[in-house]
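Notes follow once the structure below has been shown.
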Amino acid sequence: MNKLYTAQEIADKLQIKKTTVYELIKRGELYSSKVGKQLRISEQQLKQYLERSGSGNNMPDQNAVSSASTLNGNLQIPELPPESSLLKRDYLLHSSGLILCGQLSPALELLVSQMSIHPQGIPVLQSFMNSYNSLYSLYFKKAHIACASLDLEHIRSLIPGVRLSLLCLYEYSIGLYVPSGNPLKLSGLMDFACKDIKIANREKGSTPRIYLDQFLFSEKISPASISGYHTELVSDISTAAAIATHKADSALGEEYAAHQSGLLDFIPLQTLPMYLVMETEALSQPGFSALLEIVRSEDFRTILQGQTGYNVTRTGELLSL
């Protein structure tokens, strides 16, 4: 019988912290399954992890794997060291696994965990990248799936000459993070230029940064006129943390990160889709049919909406470019 372990039991077996087990799961190094609302690791999943990490001889370093710090006990700021992900990426590109590029996301975590228990599922490594870099990796065949939240024309222009299939994962609100109560009475992006405020900005290639830069260009606003514009952070969690700790007055990002902190208000500006972008010819390859079946399942939509509040009306919709 394939025994199931709790995260604490795995921590005891590997002589590591329970939080380290959760970080290994988040980073795709240790596969897990959900039994009801509880996270469980099977004997087979543990064995696969030990085999990948050198038959258990290379136990995870606590400092290296403990990749999140906590703000006021609520908001976790991930630090994602790339070395092990790059090594596994190169391995999976030449094996039976899938490389999925995208930002840290509960939706992708759920998808990876479901792939690990699906009868036709295959190993999936999530490589943490923003929309632009994800599409760039897909174009240069360094990944099998790119997670991107951009206009269809932008996606098409970044991957020319390739037939693409876009699977809608969910829709979400992008908007402003502000301190609780919105003391500066911000209402939109124009306030970044018209009011004396400091923003926490995202890195180039991320959806919030592209969205902001498009707005500034269309309104003929110089980025240099906006305080904080050139200070780049690499996740929505990080920008939300900057607002929560009063290092900045506002930031542009997705709603889920704002609600995680419990310290911020969110001002929605627009609803955007999140796509899984794949080469159309790849859909017939092993693993892709399982991925489609999972995303289109009622269970996946129900769990995803319940955990995140994302709009799942279009979840499972497949587009062609």
Side-chain angles (χ1 to χ4, degrees), residues 19 22-23 26-27 63 65-81 102-107 109 128-132 149 172-217 219 221-272 274 307-310:
T19 54
Y22 286 126
E23 291 308 319
K26 284 184 179 181
R27 290 162 49 186
N63 294 325
V65 176
S66 183
S67 60
S69 57
T70 303
L71 171 65
N72 292 342
N74 293 314
L75 191 61
Q76 291 194 325
I77 308 170
E79 299 167 2
L80 304 169
Q103 299 257 239
L104 188 68
S105 161
E109 291 177 22
F128 298 96
M129 295 182 181
N130 61 38
S131 291
Y132 180 88
S149 183
Y172 67 100
S173 292
I174 189 170
L176 301 184
Y177 303 157
V178 296
S180 182
N182 191 11
L184 295 177
K185 307 303 179 187
L186 304 182
S187 60
L189 292 179
M190 189 61 75
D191 291 331
F192 286 3
C194 297
K195 295 192 177 185
D196 184 21
I197 66 170
K198 181 179 180 180
I199 72 167
N201 206 3
R202 284 291 307 277
E203 81 286 3
K204 293 178 180 177
S206 64
T207 298
R209 177 62 172 270
I210 292 171
Y211 187 93
L212 175 60
D213 286 345
Q214 286 177 329
F215 173 81
L216 297 179
F217 182 81
E219 296 295 327
I221 298 172
S222 170
S225 67
I226 299 176
S227 177
Y229 176 87
H230 294 294
T231 301
E232 298 181 345
L233 300 174
V234 296
S235 71
D236 283 349
I237 295 294
S238 298
T239 56
I243 313 307
T245 55
H246 309 293
K247 294 178 181 177
D249 299 307
S250 185
L252 182 66
E254 72 161 271
E255 185 173 7
Y256 180 77
H259 292 331
Q260 265 197 311
S261 73
L263 303 171
L264 303 178
D265 285 347
F266 179 77
I267 302 169
L269 298 179
Q270 187 173 338
T271 298
L272 300 177
M274 182 63 72
Q307 288 183 347
T308 64
Y310 291 147

Do side-chain atoms of [X] reach the backbone of [Y] as a donor and acceptor pair under 3.5 angstrom?
X	Y	answer
S238	V234	no
D213	I210	no
Y177	E254	yes

Exercise: identify the closest heavy-atom pair between [X] and [Y]:
X	Y	result
Q103	S206	OE1-CB, 4.4 Å
T239	A251	CB-CB, 3.8 Å
G253	P208	CA-CG, 4.2 Å
S225	S222	OG-O, 2.6 Å
I199	A248	C-CB, 3.8 Å
G175	F266	N-CZ, 3.3 Å

Report the residues that fulfil side chain to side chain contact (heavy atoms under 4.5 Å, CB included) with [X], sequence neighbours left out, ordered by chain and then residue number.
X	answer
D249	L184, I197, K198
T271	E171, S173
L269	L176, L189, Y211, L252

(request) Scan for salt bridge (Lys or Arg N to Asp or Glu O under 4.0 Å) pairs involving residues 221-232, sequence neighbours excluded, and state none if there are none. (result) R209-E232
[X]: partners by side chain to side chain donor-acceptor pair (under 3.5 Å), with sequence neighbours left out:
X	result
T207	S131
E255	H259
N182	none
N201	none

(message) As a quick check of understanding, evaluate side chain to side chain contact (heavy atoms under 4.5 Å, CB included) for Y256 and D236, giving each step before the final call.
(response) CA-CA 9 Å; Y256 180 77; D236 283 349; over 6 Å; no
(message) Any heavy-atom pair between the side chains of I221 and F192 that's under 4.5 Å?
(response) no
(message) Do P179 and I243 have side chains that approach each other closer than 4.5 Å (heavy atoms only, starting at C-beta)?
(response) yes
(message) If we count only N and O atoms by modelled type, under 3.5 Å, do the side chains of S149 and Y172 hold a donor and an acceptor together?
(response) yes
(message) Can you confirm whether more than 12 heavy atoms, excluding those of H246, are under 6.0 Å from its NE2 atom?
(response) no
(message) If you count heavy atoms of other groups shown closer than 6.0 angstrom to OH of Y132, is the number above 12?
(response) no
(request) Measure the spacing between CZ of R202 and OG1 of T231 and express it to the nearest 0.5 Å. (result) 14.0 Å
